[in-house]
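Below is one structure, written out as structure tokens; comments come after it.
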Amino acid sequence: MKILVTGKGGREHALITALTESPGTHEIFAWPGSDAIFRTAQRTPVQGFAQLVPWMVEDGIDLCVAGDESLLVTGEGLANLCAKAGIPCWGPPKESAQLEASKEFAKHFLVRHGIPTAGFKAVATLEEARTAAAQVPVVLKFDGLAAGKGVSVCTTPEMVAEFLDTVFVQQAFGEGRMVVEECLSGPELSVFCSIVGGDYHLLTAARDYKRIYENDEGPNTGGMGAVASNDIVAPEVLSQIEREIIQPTVAGLQKDGLPYRGFLYFGLMLTQQGPKVIEYNCRFGDPECEAVMPLFGGDFARYVFEAAQNRLRPELLEFRDGWSVCLILASAEYPAGSRNGDVISGLESVEGARVYHCGTRLNAAGGFETSGGRVLAVVAQAVSREEAIAKASAAADRITFAGQQRRRDVGIMHFE
Ligand code: AMP
Ligand code: GLY
């Protein structure tokens with residue numbers, strides 16, 4: 001099978017690795033890809049998104065797998081273009097990807113279908129936002145894709161003022177509306193499903209560690225690590241999540257005439273009042289994907305190929321028991337910025353763990369150096385969570401670069 005994966009980060013490196021390790025021989029291509037990804041996947045001659053689907057047609061690509069969300073809502077939408085070209089695509093069409101691309105769209109969807117979520121008000125101007133966010137704590141969300149920077153959990157009036165200034169005065173994310181949300185508390189959980197029309201298949205759940213510092217302190221990041229296991233959530237809580245959140249979401253998509261084929265990621269908070277939806281993402285989580293993929297057995301490539309053609313076949317995928325821990329090594333200055341060009345040492349000495357590249361590039365000396373905020377994901381599995389943490393930590397200790405940032409508490413369940 002010839003498969004094209006879109007994206008260039010650690011999630012895509014993990015997806016490509018899982019596809020490569022699937023039974024059978026497959027030709028895997030990546031776009032835009034990265035130097036590390038191109039050690040496993042092949043390059044394409046594609047220069048820009050406009051050329052991507054025409055190239056897939058010309059080259060006889062059998063399956064397109066959307067890694068990140070951006071292309072799903074670019075132009076006509078990746079999945080929409082693939083559909084026109086007759087290429088199976090794992091990733092939803094543009095109209096359904098609004099669940100991630102627009103916070104306001106998602107909130108209205110949640111309310112319309114009676115799915116538990118934080119109370120909210122949608123606002124269009126600085127004045128409306130000021131009124132709606134008069135009380136703290138409050139959560140402010142820019143209504144659009146903002147590369148993980150569009151949300152501020154404000155605990156002081158100063159934080160509210162600062163974020164409103166960023167959105168409405170500096171217009172750091174461009175023009176747009178905002179959602180002002182009730183602040184919830186409780187452990188977060190990332191639940192993943194494959195959705196094909198009215199059918200869904202629940203995958204191994206995970207938790208990610210969003211803040212830059214230990215004990216969930218400091219600013220939000222793209223994710224500083226993740227832990228995944230079939231045991232991460234009690235069966236009765238998972239049943240409640242299925243009943244109150246997943247099933248109404250799948251039914252809601254059907255009712256609203258929103259076609260869906262792809263992973264759907266439910267960002268949940270387990271509050272005292274029960275699980276509530278914080279956000280939907282129309283793709284796998286990053287870094288959760290790096291933690292979850294090594295737990296998959298069976299035939300992932302065939303599973304995705306079938307699902308992308310409306311045949312959801314859960315029997316093609318197995319979920320291994322045990323725990324998987326993913327540690328992110330980030331560059332200096334992250335998350336406010338990132339520092340490129342720091343030489344990475346020790347990659348070849350890693351044992352007992354997988355290393356996925358999130359933001360690296362090859363330098364003139366033929367070694368890898370930092371190129372982005374999140375640099376590497378070091379992932380290990382074991383029967384117990386403690387062992388998985390120890391294995392991943394020992395592997396990560398071998399990798400060094402100037403300015404490296406890493407959380408030492410990934411895998412620890414803070415709320416328990
Ligand atoms: P999002 O980009 O929507 O995932 O938000 C980023 C992070 O902000 C989430 O993972 C939560 O930690 C936090 N967050 C978002 N919405 C809320 C909320 N309503 N209450 C408390 N924390 C929130
Ligand atoms: N792990 C958070 C995200 O992928 O958005």
Side-chain angles (χ1 to χ4, degrees), residues 7 9-12 14-15 66-70 72 97 99-107 110-111 115-121 132-133 135-155 159 163 167 173 178-192 205-213 215-228 263-273 275-293 326 328 330 335 356 358 373-374 377 407 410 414-415:
R11 168 185 39 217
E12 290 73 26
L15 286 170
D68 72 312
E69 66 282 8
S70 60
L72 296 172
L99 275 186
E100 171 165 5
S102 165
K103 305 265 184 210
E104 196 175 334
F105 181 93
K107 291 306 273 190
L110 286 159
V111 171
I115 302 165
T117 188
F120 81 104
K121 197 163 179 3
Q135 304 284 332
V136 288
V138 70
V139 182
L140 305 181
K141 299 185 173 181
F142 176 72
D143 185 35
L145 296 179
K149 298 206 161 62
V151 174
S152 180
V153 181
C154 301
T155 48
M159 288 175 82
F163 194 75
V167 170
F173 314 117
M178 228 178 71
V179 168
V180 178
E181 223 174 81
E182 168 198 7
C183 189
L184 304 175
S185 67
E188 287 184 49
L189 184 71
S190 305
V191 171
F192 304 100
R207 273 196 198 176
D208 82 346
Y209 292 72
K210 286 222 164 77
R211 305 292 182 107
I212 185 81
Y213 303 126
N215 298 314
D216 289 328
E217 284 171 11
N220 257 320
T221 70
M224 291 299 289
V227 53
F263 295 124
L264 183 61
Y265 159 174
F266 299 76
L268 307 180
M269 200 167 264
L270 308 180
T271 74
Q272 296 284 336
Q273 293 77 43
K276 296 192 181 186
V277 176
I278 298 241
E279 62 167 344
Y280 290 115
N281 291 310
C282 297
R283 49 162 173 88
F284 225 96
D286 190 346
E288 292 97 322
C289 189
E290 291 94 307
V292 171
M293 284 300 138
C326 164
I328 293 291
Y356 300 119
C358 310
R374 289 186 292 174
R407 271 180 70 161
V410 171
H414 289 292
F415 277 90

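These numbers come from the heavy atoms of this one structure, side chains and all, not from hydrogens, waters or symmetry mates. Read the numbers this way: they start at 1 and go in the same order the structure lists the ligands and their atoms. Source: prediction; values computed, not measured.
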Against heavy atoms of [X], which atoms of ligand 1 measure under 4.0 Å?
X: Asn220; answer: 7 (C), 8 (O)
X: Ile278; answer: 15 (C), 16 (N), 17 (C), 23 (C)
X: Ala118; answer: 19 (N)
X: Cys183; answer: 20 (N), 21 (C)
X: Val139; answer: 16 (N), 17 (C), 18 (C), 19 (N), 20 (N), 21 (C)

Between the main-chain N or O of Cys282 and the side-chain N or O of Glu100, is there a donor-acceptor pair closer than 3.5 Å?
-> yes

Of all residues at least two apart in sequence or in a different chain, which pass the side-chain hydrogen bond (donor to acceptor under 3.5 Å, both in side chains) check with [X]?
X: Lys103; answer: none
X: Glu290; answer: none
X: Arg211; answer: none

Answer yes or no: is there a side-chain heavy-atom contact under 4.5 Å between [X] and [Y]?
X: Asp286; Y: Arg374; result: yes
X: Glu69; Y: Asn281; result: no
X: Glu288; Y: Tyr265; result: yes
X: Asp143; Y: Lys107; result: no
X: Cys326; Y: Val410; result: no

The one among Leu268, Thr221, Leu184 that brings a heavy atom closest to atom 21 (C) of ligand 1 |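 When every heavy atom of Leu268, Thr221, Leu184 is considered, Leu184 comes closest to atom 21 (C) of ligand 1.
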
Would you indicate which of Glu279, Lys210, Lys141, Glu182 comes nearest to atom 4 (O) of ligand 1 when only heavy atoms are counted?
->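 Among Glu279, Lys210, Lys141, Glu182, the closest heavy atom to atom 4 (O) of ligand 1 belongs to Glu279.
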
Trace of the ring pair (Phe, Tyr, Trp, His ring centres under 6.0 Å) decision for Phe192 with Phe263 | CA-CA 7 Å; Phe192 304 100; Phe263 295 124; 7.9 Å; no

Is ligand 1 less than 4.0 angstrom away from at least one heavy atom of Gly267?
-> no

Could you tell me whether ligand 1 has any atom less than 4.0 Å away from a heavy atom of Lys276?
-> no

Show the short N or O contacts, below 3.5 Å, that ligand 2 makes with protein N or O atoms; if there are none, say 'none'.
{"residue": "ligand 2", "atom": "1 (N)", "partner": "Asp208", "partner atom": "OD2", "Å": "2.7"}
{"residue": "ligand 2", "atom": "1 (N)", "partner": "Asp286", "partner atom": "O", "Å": "3.0"}
{"residue": "ligand 2", "atom": "1 (N)", "partner": "Glu288", "partner atom": "OE1", "Å": "2.7"}
{"residue": "ligand 2", "atom": "1 (N)", "partner": "Glu288", "partner atom": "OE2", "Å": "3.2"}
{"residue": "ligand 2", "atom": "4 (O)", "partner": "Arg283", "partner atom": "NH1", "Å": "2.9"}
{"residue": "ligand 2", "atom": "4 (O)", "partner": "Asp286", "partner atom": "N", "Å": "2.9"}
{"residue": "ligand 2", "atom": "4 (O)", "partner": "Asp286", "partner atom": "O", "Å": "3.3"}
{"residue": "ligand 2", "atom": "5 (O)", "partner": "Arg283", "partner atom": "NH2", "Å": "3.0"}

